[in-house]
2 protein chains.
Amino acid sequence: MNKTIENPNDPFVPNYLLYLLAAASEAASARFHSHVRTRGLRVPEWRVMACLTDTDGSMVTELARYAMIEQSRLTKIIIQMDARGLVSRRSDPKDGRRVRVFLTPQGRTLADELVADARAHELELLKSFHGGDGTEIKDTLRALIRHLESDQSGQGDNTVSLARNAETADS
Amino acid sequence: MNKTIENPNDPFVPNYLLYLLAAASEAASARFHSHVRTRGLRVPEWRVMACLTDTDGSMVTELARYAMIEQSRLTKIIIQMDARGLVSRRSDPKDGRRVRVFLTPQGRTLADELVADARAHELELLKSFHGGDGTEIKDTLRALIRHLESDQSGQGDNTVSLARNAETADS
DNA sequence: CCAAGAAACATGAATTTTCATATAAATCTT
DNA sequence: AAGATTTATATGAAAATTCATGTTTCTTGG
């Protein structure tokens, strides 16, 4: 009934949406990420593998967006994974600029295994959390992402907060 | 009504809770983080500043937990911030091992400004998102974090998924 | 009080990440 | 069809991060 009241001497950080999102992400991922490392992968590599189970053969730029990894960084990660035999890189015959990334048989085995583990982990987490399947929280997060990625309510002139600066900060 | 049905050829990544959390965190933070860089700080430095507005004078280890930064990394960040005059480090008179970190006057000015910006940005985001104050999503995230940090439903024997490995993966 | 252990930070080397930019291949322009 | 642009990826140097471990300072049991 009075959750919206903001006490001026409440701490800022633990109530800040961006912190809560980051903290929730970290906390939710911690256990699985250490499982991933156990299997000999670093987190970004796991992300690449997971994405490739969905979109095998995508080009570097697509993969970078999908896996939320900056392009030049992804290039380096992929080169390493190629050297380890987890993925292979083939340049697109239709467009010589593009490099398409594929899981190798070995890579696919590991990827499938980890995706199965991820699904199991997710199921347990959701079950132990609210006893549900996560529809609610997932829908909320998807809606938030869509909202942010679309208009982002920030290009236009409806966003004021971040345009101004020190001049008005203490007024 | 049928959100819970999982189509086996649905993509994995975009429906995976850990991905949704990470993506939501990134998407929600992107704009503000670039504002932070505009003001001459990197994201981890902003986190330190924000935490210090809540708990000025906390020791390195506490700050590391609060800001979600690994200790040795935080030490290096703090040393840089000290050199830039944003914070000062004083060893605790009661316990010589401890280093307490304080905002300098200059640091506080910047921190207060950025926290104000963060609050404004958050308000706008929440208003434009669901027209609300974020109580719902925040409560959900807090609950998730609490759940994960407490029992983590994983030390005990109720967690099976990540203990097993390749042996059972394809059975 | 002393030795052993623990706690809090710092440090260094190896590795990653970032950022700007180079290279190369398509596409467009006229 | 040559030159200008744009797109896709790679590269290199500087900076940041990680991980293991070192150093210093407390704490505790005997």
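Order of the sequence lines fixes the chain letters, A, B, ..., with proteins taken first and strands second; residue numbering starts at 1 for each chain.
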Salt bridge (charged side-chain N to carboxylate O under 4.0 Å, His left out) partners of residues 85-101 of chain A, not counting sequence neighbours, each pair once: A:Asp82-A:Arg89, A:Asp92-A:Arg100, A:Asp95-A:Arg97, A:Asp95-A:Arg98
A:Arg47 side chain near A:Val43 side chain, heavy-atom distance below 4.5 Å: yes
Non-hydrogen side-chain atoms of A:Val99 and A:Ile78 separated by less than 4.5 Å: no
Contacting residues from residues 84-100 of chain A, given that a heavy atom lies under 4.0 angstrom of DNA chain C: A:Asp95, A:Gly96, A:Arg97
Between C:dC19 (P) and B:Arg42 (CZ): distance, integer Å: 10 Å
Nucleotide interval of DNA chain D bounded by contacts with chain A (heavy-atom cut-off, under 4.0 Å): D:dT7 to D:dA13
From CZ (B:Arg119) to CG (B:Asp117), nearest 0.5 Å: 11.5 Å
Residues in contact with DNA chain C, drawn from residues 65-78 of chain A - heavy-atom cutoff 4.0 Å: A:Ser72, A:Arg73, A:Lys76
Gap separating the CD atom of A:Glu136 from the CD1 atom of B:Ile137, nearest 0.5 angstrom: 11.5 Å
Pairs touching residues 48-70 of chain A that satisfy salt bridge (charged side-chain N to carboxylate O under 4.0 Å, His left out), sequence neighbours left out: A:Asp56-A:Arg108
Residue pair A:Leu144 / A:Thr140, side-chain heavy-atom distance below 4.5 Å: no
Residues in contact with DNA chain D, drawn from residues 48-63 of chain B - heavy-atom cutoff 4.0 Å: none
Helical bend (five base pairs per end, nearest 10°) for the helix from C:dC1-D:dG30 to C:dT30-D:dA1: 30°
Results of side chain to side chain contact (heavy atoms under 4.5 Å, CB included) for B:Ala30 - residues two or more places apart only: none
Student check: side-chain heavy atoms of A:Glu122 and A:Phe32 closer than 4.5 Å: no
Atom pair CZ (B:Arg39) and CG (B:Leu110), whose distance is rounded to the nearest 0.5 Å: 6.0 Å
Sugar-phosphate only, base, or nothing, as touched by A:Gln80 at under 4.0 Å among non-hydrogen atoms: sugar-phosphate
Distance-only donor-acceptor check, side chains A:Thr75 and A:Gln71, under 3.5 Å: yes
Any residue meeting side chain to side chain contact (heavy atoms under 4.5 Å, CB included) with B:Ser34, in chain and number order, not counting sequence neighbours: B:Arg37
By salt bridge (charged side-chain N to carboxylate O under 4.0 Å, His left out) - contacts of A:Arg73 (at least two apart): none
Please report, to 0.1 Å, the donor-acceptor pairs under 3.5 Å made by any side chain of residues 15-28 of chain A, with sequence neighbours excluded.
from	atom 1	to	atom 2	distance (Å)
A:Asn15	OD1	B:Arg142	NH1	2.8
A:Asn15	ND2	A:Pro11	O	2.9

Side chain to side chain contact (heavy atoms under 4.5 Å, CB included) partners of B:Thr55, counting only residues at least two apart: B:Ser58, B:Tyr66
